[in-house]
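What follows is a short report on a single structure.
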Amino acid sequence: LGISLIIRPVKVGTVKTQRNNILLLLTTLAFIFLQILSFELRRPLAPILLFVAVIFILLEVSWGRGGSLKEDLLSFLPIPPEKFTVVDWLSFAGSLVLLVISSRFLVSAATGMALLWGISPEVIGLSLVAVGTSLPELSVSISAAVRKEDKLLLGDLIGSNILNLALLGSIVVLFADVSSLSHTLSLFSLFAF
């Protein structure tokens with residue numbers, strides 16, 4: 001969001017965006033609360049975050065339909081629908097291939113640097129996850145800022161953070177090995193970076 005704001009001002013005036021900001025705040029607080037608890041207490045409470053993720057998806061569909069008919073028409077210029085061409089589909093496929101290849105280079109380079117510098121595997125693991133999950137959002141944000149698509153920019157950032165915290169956070173706590181998670185996902189380990 002910061003890089004996008006450097007490119008151009010972003011319009012944040014819609015009711016739906018404000019609702020999503022509140023949902024992001026509540027989801028973040030719920031995630032932090034779970035991390036404060038011992039792992040034995042986290043596991044029974046983790047389905048709450050999973051429930052939040054499902055509710056968020058259902059609310060997004062409902063709010064999106066309502067917003068496109070009322071709020072968007074008043075706040076944003078209408079964008080004519082675009083037809084996808086063969087070049088668009090080839091660009092999409094090429095982007096996916098490059099994403100997979102570049103992620104493999106990122107992992108191998110970071111692993112080599114960790115071994116070379118003697119850095120803890122936990123630090124590298126969390127850093128790779130952070131970089132790997134943030135790069136797609138960064139590219140979408142920059143592209144949306146350049147194309148003046150404020151709703152896409154904000155929706156991508158807010159929505160991905162809510163789903164990362166709620167969906168992935170609950171799945172990790174529910175299905176991961178207790179011994180490996182008890183230290184790695186402690187709140188202090190997360191804030192150490």
Side-chain angles (χ1 to χ4, degrees), residues 1-5 10-76 78-79 81 92 95-96 99 103 125-145 147-176 181 184-187 189-191 193:
L1 182 58
I3 292 175
S4 304
L5 289 172
V10 176
K11 186 186 293 185
V12 192
T14 67
V15 174
K16 183 172 171 285
T17 302
Q18 301 306 327
R19 288 177 185 161
N20 284 341
N21 286 335
I22 293 170
L23 280 176
L24 176 59
L25 176 64
L26 294 175
T27 306
T28 303
L29 292 175
F31 181 80
I32 291 173
F33 175 73
L34 279 181
Q35 297 309 310
I36 293 172
L37 300 174
S38 68
F39 193 82
E40 292 74 25
L41 292 174
R42 279 185 223 170
R43 184 163 273 174
L45 293 176
I48 295 172
L49 278 179
L50 195 59
F51 179 72
V52 167
V54 172
I55 293 299
F56 171 70
I57 292 170
L58 294 175
L59 284 174
E60 279 299 300
V61 171
S62 172
W63 290 345
R65 287 181 180 160
S68 65
L69 297 175
K70 300 174 187 173
E71 184 177 277
D72 292 352
L73 296 177
L74 300 174
S75 302
F76 297 94
I79 300 173
F92 175 72
S95 298
L96 286 179
L99 181 65
S103 65
L126 287 172
S127 301
L128 282 177
V129 169
V131 169
T133 58
S134 298
L135 285 178
E137 274 84 16
L138 179 61
S139 62
V140 169
S141 298
I142 292 172
S143 173
R147 294 166 58 181
K148 300 180 180 179
E149 295 179 357
D150 297 338
K151 289 187 69 86
L152 174 63
L153 190 153
L154 292 169
D156 176 57
L157 292 174
I158 296 169
S160 67
N161 280 301
I162 291 173
L163 286 179
N164 281 340
L165 289 169
L167 188 61
L168 298 179
S170 60
I171 288 173
V172 166
V173 172
L174 284 172
F175 298 109
L181 275 181
T184 305
L185 283 185
S186 71
L187 187 62
S189 296
L190 291 172
F191 282 130
F193 307 108

To the nearest 0.5 Å, what is the distance between [atom1] on [X] and [atom2] on [Y]?
| X | Y | atom1 | atom2 | value |
| --- | --- | --- | --- | --- |
| Ile162 | Leu167 | CD1 | CG | 12.0 Å |
| Leu163 | Ile158 | CG | CD1 | 12.0 Å |
| Thr27 | Ile55 | OG1 | CD1 | 11.5 Å |
| Ser62 | Ile57 | OG | CD1 | 14.0 Å |
| Leu49 | Phe33 | CG | CZ | 11.0 Å |
| Leu50 | Leu45 | CG | CG | 13.0 Å |

Do Thr28 and Leu165 make a side-chain contact, defined as non-hydrogen atoms from C-beta onward lying under 4.5 Å apart?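 Yes, side chains in contact.
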Would you say that Leu23 contacts Leu59 through its side chain, given a criterion of any heavy-atom pair below 4.5 Å between the two side chains?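 Yes, their side chains come closer than 4.5 Å.
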Distance-minimising heavy-atom pair for Ala46 and Ser170: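 Taking every non-hydrogen atom into account, O-CB, 3.3 Å.
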With a cut-off of 6.0 Å (strictly less than), are more than 12 heavy atoms of other residues, nucleotides or ligands near CD1 of Ile3?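 Result for CD1/Ile3: open.
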